[in-house]
Amino acid sequence: MSRIAYVNGQYELMGAASVHIEDRGYQFADGVYEVCEIRGAKIVDFTKHMTRLQRSLRELRIAMPMALASLKIVVQEVVRRNRVRNGIVYLQVSRGVSRRDHAFPTHPVSPSVVVTARSINPQKGSDTAARGIKVITQPENRWPRVDIKSVSLLPNVLAKQAAKEQGAGEAWFVDRDGFVTEGSSTNAWIVTSDNRVITRSAETGILAGITRAVLIDVLAAMQLKLEERPFTPAEAAQAKEAFVTASSQIVMPVIAIDDKLIGDGKPGVMAKRLREEFHRFAEFV
Ligand code: PMP
């Protein structure tokens with residue numbers, strides 16, 4: 001089936017859809033994005049994703065391209081037209097098209113909006129989760145504003161490629177103080193021997209993941225202990241369990257860090273349970 005994209009007001013065949021070559025998203029990575037999970041043809045945690053999108057836009061002084069209610073209709077329509085039951089929807093908003101010049105356009109420009117969706121076989125994720133993934137570490141080399149979900153992802157791209165070339169599923173960035181910040185496209189977590197769940201505070205060094213936020217609710221409901229603090233790769237290697245979270249992966253067990261096995265080198269019990277419980281706490285629209 002041909003895929004359909006929404007591009008600046010039109011639903012178009014993906015192969016024919018295009019944006020202007022002077023789009024600032026293309027030339028300066030001057031834009032932001034969101035990825036939502038689609039499950040049973042419903043969008044997961046849409047409200048939280050839109051709140052974060054609006055925050056990212058505000059931080060970059062890009063206008064919201066349309067009313068939230070309209071954006072919701074567009075996103076749902078792209079999911080529907082692509083007949084996605086399980087998969088992801090991608091939404092990108094850039095500052096718009098203008099003659100190339102670093103500073104913001106001085107004349108009013110409309111933000112560019114692109115929405116795409118694709119199916120992902122849920123069995124694939126389950127199979128990966130049953131095996132767990134390895135992670136490698138990489139020096140943190142991103143700008144300090146990683147709280148903004150910008151499309152400027154070159155360090156993340158290079159880190160993920162390094163992981164792939166080393167047979168790992170994710171790369172964890174390690175800051176100058178020796179602490180893990182987050183993965184190239186995920187938040188990072190460990191579980192201590194006494195079942196405390198540790199993840200870095202969203203105040204510095206990470207994107208405030210939506211999956212992370214919902215998982216914190218899951219932990220509270222299950223009366224599990226959460227500690228929001230940084231941890232080192234050495235602590236992770238000694239941990240009982242580790243896992244990563246992202247909308248496209250939910251809770252993904254981590255079984256090794258830089259080839260050092262975590263726990264018994266198999267997906268942990270806690271990660272498995274959290275993965276199973278997650279959607280009971282998520283919003284579906
Ligand atoms: N950190 C980074 C750098 C990411 O790219 C992502 C995925 N968008 C996440 C964390 C996880 O965020 P979320 O749970 O909102 O998908």
Side-chain angles (χ1 to χ4, degrees), residues 29 31-39 43-57 59 75 86-93 115-118 120 125 129 133 135-164 169-175 179-190 197 199-219 228 230-231 242-254 271 274-275 277-279 281-283 285:
V32 302
Y33 74 106
E34 284 294 330
V35 176
C36 304
E37 184 197 10
I38 308 299
R39 194 175 163 96
I43 306 163
V44 179
D45 292 320
F46 185 73
T47 308
K48 285 190 169 71
H49 281 279
M50 288 307 104
T51 302
R52 184 172 66 185
L53 176 77
Q54 286 174 291
R55 178 184 181 277
S56 296
L57 290 170
E59 291 295 316
V75 170
N86 298 291
I88 52 171
V89 63
Y90 175 84
L91 163 64
Q92 177 178 321
V93 182
V115 183
T116 58
R118 71 180 173 93
I120 300 173
I133 60 164
V135 300
I136 61 161
T137 56
Q138 290 278 290
E140 178 65 84
N141 59 355
R142 299 175 300 162
W143 74 327
R145 294 307 309 274
V146 294
D147 57 303
I148 301 171
K149 200 164 170 54
S150 97
V151 294
S152 171
L153 290 171
L154 200 45
N156 310 60
V157 165
L158 297 178
K160 186 79 92 192
Q161 182 62 21
K164 190 175 168 189
E170 179 59 301
W172 282 2
F173 289 115
V174 177
D175 69 15
F179 293 109
V180 172
T181 53
E182 63 181 333
S184 69
S185 65
T186 58
N187 288 120
W189 306 68
I190 57 171
V197 182
T199 196
R200 190 181 173 108
S201 149
E203 269 161 41
T204 61
I206 71 166
L207 177 76
I210 303 302
T211 319
R212 178 187 179 282
V214 173
L215 200 67
I216 288 175
D217 295 343
V218 179
L219 293 173
E228 288 184 85
F231 58 86
F243 57 89
V244 294
T245 56
S247 302
S248 55
Q249 300 188 42
I250 309 307
V251 176
M252 184 56 70
V254 171
L274 295 174
R275 185 180 173 86
E277 293 294 321
F278 183 85
H279 289 102
F281 294 81
E283 174 205 36
V285 302

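Note that this is a predicted model, so its numbers are computed, not measured. Both ligands and their constituent atoms are indexed starting at 1 by order of listing.
- Summary of contacts: the protein heavy atom closest to atom 12 (O) of ligand 1 is Gly209 CA, 3.5 Å.
- Taking every heavy atom of Tyr33 and a limit of under 4.0 angstrom, the matching atoms of ligand 1 come to 5 (O).
- Near Ser247, with a cut-off below 4.0 Å to any heavy atom, the atoms of ligand 1 are 13 (P), 14 (O), 15 (O), 16 (O).
- In this structure, Asp45 CG and Thr51 OG1 are separated by 10.5 Å, a value rounded to the nearest 0.5 Å.
- Between Glu182 and ligand 1, at least one pair of N/O atoms sits closer than 3.5 Å.
- Listed by atom number, the atoms of ligand 1 under 4.0 Å from Ser184 heavy atoms are 3 (C), 5 (O).
- Shown here for Asn187 and Trp189, the closest heavy-atom pair between the two residues is O-CD1, 3.5 Å.
- Arg52 has a carboxylate O that lies under 4.0 Å from a charged side-chain N of Glu34, or vice versa, which qualifies the two as a salt bridge.
- Taking the side chain as every heavy atom from C-beta outward, Trp143 and Ile148 approach each other to under 4.5 Å.
- Two residues are said to be in side-chain contact when any heavy atoms from C-beta on lie closer than 4.5 Å; Arg212 and Arg200 fail this criterion.
- With a 4.5 Å cut-off on side-chain heavy atoms, Ser150 and Arg145 do not count as touching.
- The shortest separation from a heavy atom of Phe173 to ligand 1 is not under 4.0 Å, leaving the residue out of contact.
- Residue contacts with ligand 1 for Thr186 involve N, CA, C or O but no side-chain atom from C-beta outward (heavy atoms, distance under 4.0 Å).
- Remark: ligand 1 and Lys149 share an N or O pair separated by less than 3.5 Å (distance only, no angle test).
- In this structure, atom 6 (C) of ligand 1 lies nearest to the protein heavy atom Ser185 O, 3.2 Å.
- On a distance-only criterion, Thr211 and ligand 1 share at least one N/O pair closer than 3.5 Å.
- At least one N or O atom of Ile210, backbone or side chain, sits closer than 3.5 Å to an N or O atom of ligand 1.
- Taking the side chain as every heavy atom from C-beta outward, Arg55 and Asp147 approach each other to under 4.5 Å.
- For ligand 1, the atoms lying closer than 4.0 Å to a non-hydrogen atom of Thr245 are 11 (C).
- Residue Ser248 places every heavy atom at 4.0 Å or more from ligand 1.
- For the pair Arg52 and ligand 1, the shortest N or O to N or O distance falls below 3.5 Å.
- Residues Val251 and Glu277 have side chains not in contact (no heavy-atom distance under 4.5 Å, counting atoms from C-beta outward).
- The shortest separation from a heavy atom of Val35 to ligand 1 is not under 4.0 Å, leaving the residue out of contact.
- Salt bridge present: Glu170 and Lys160 bring a charged side-chain N and a carboxylate O closer than 4.0 Å.
- Judged by the shortest distance from any of its heavy atoms, Gly183 lies inside the 4.0 Å radius around the atoms of ligand 1.
- Considering backbone and side-chain N/O of Asn187, none are found under 3.5 Å from N/O of ligand 1.
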Ile120 and Arg118: CA distance, side-chain angles, deciding distance, side-chain contact (heavy atoms from CB on, under 4.5 Å) verdict: CA-CA 7 Å; Ile120 300 173; Arg118 71 180 173 93; 3.7 Å; yes

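- Of the charged side-chain nitrogens involved, at least one lies within less than 4.0 Å of a carboxylate oxygen, so that Glu182 and Arg142 count as a salt-bridged pair.
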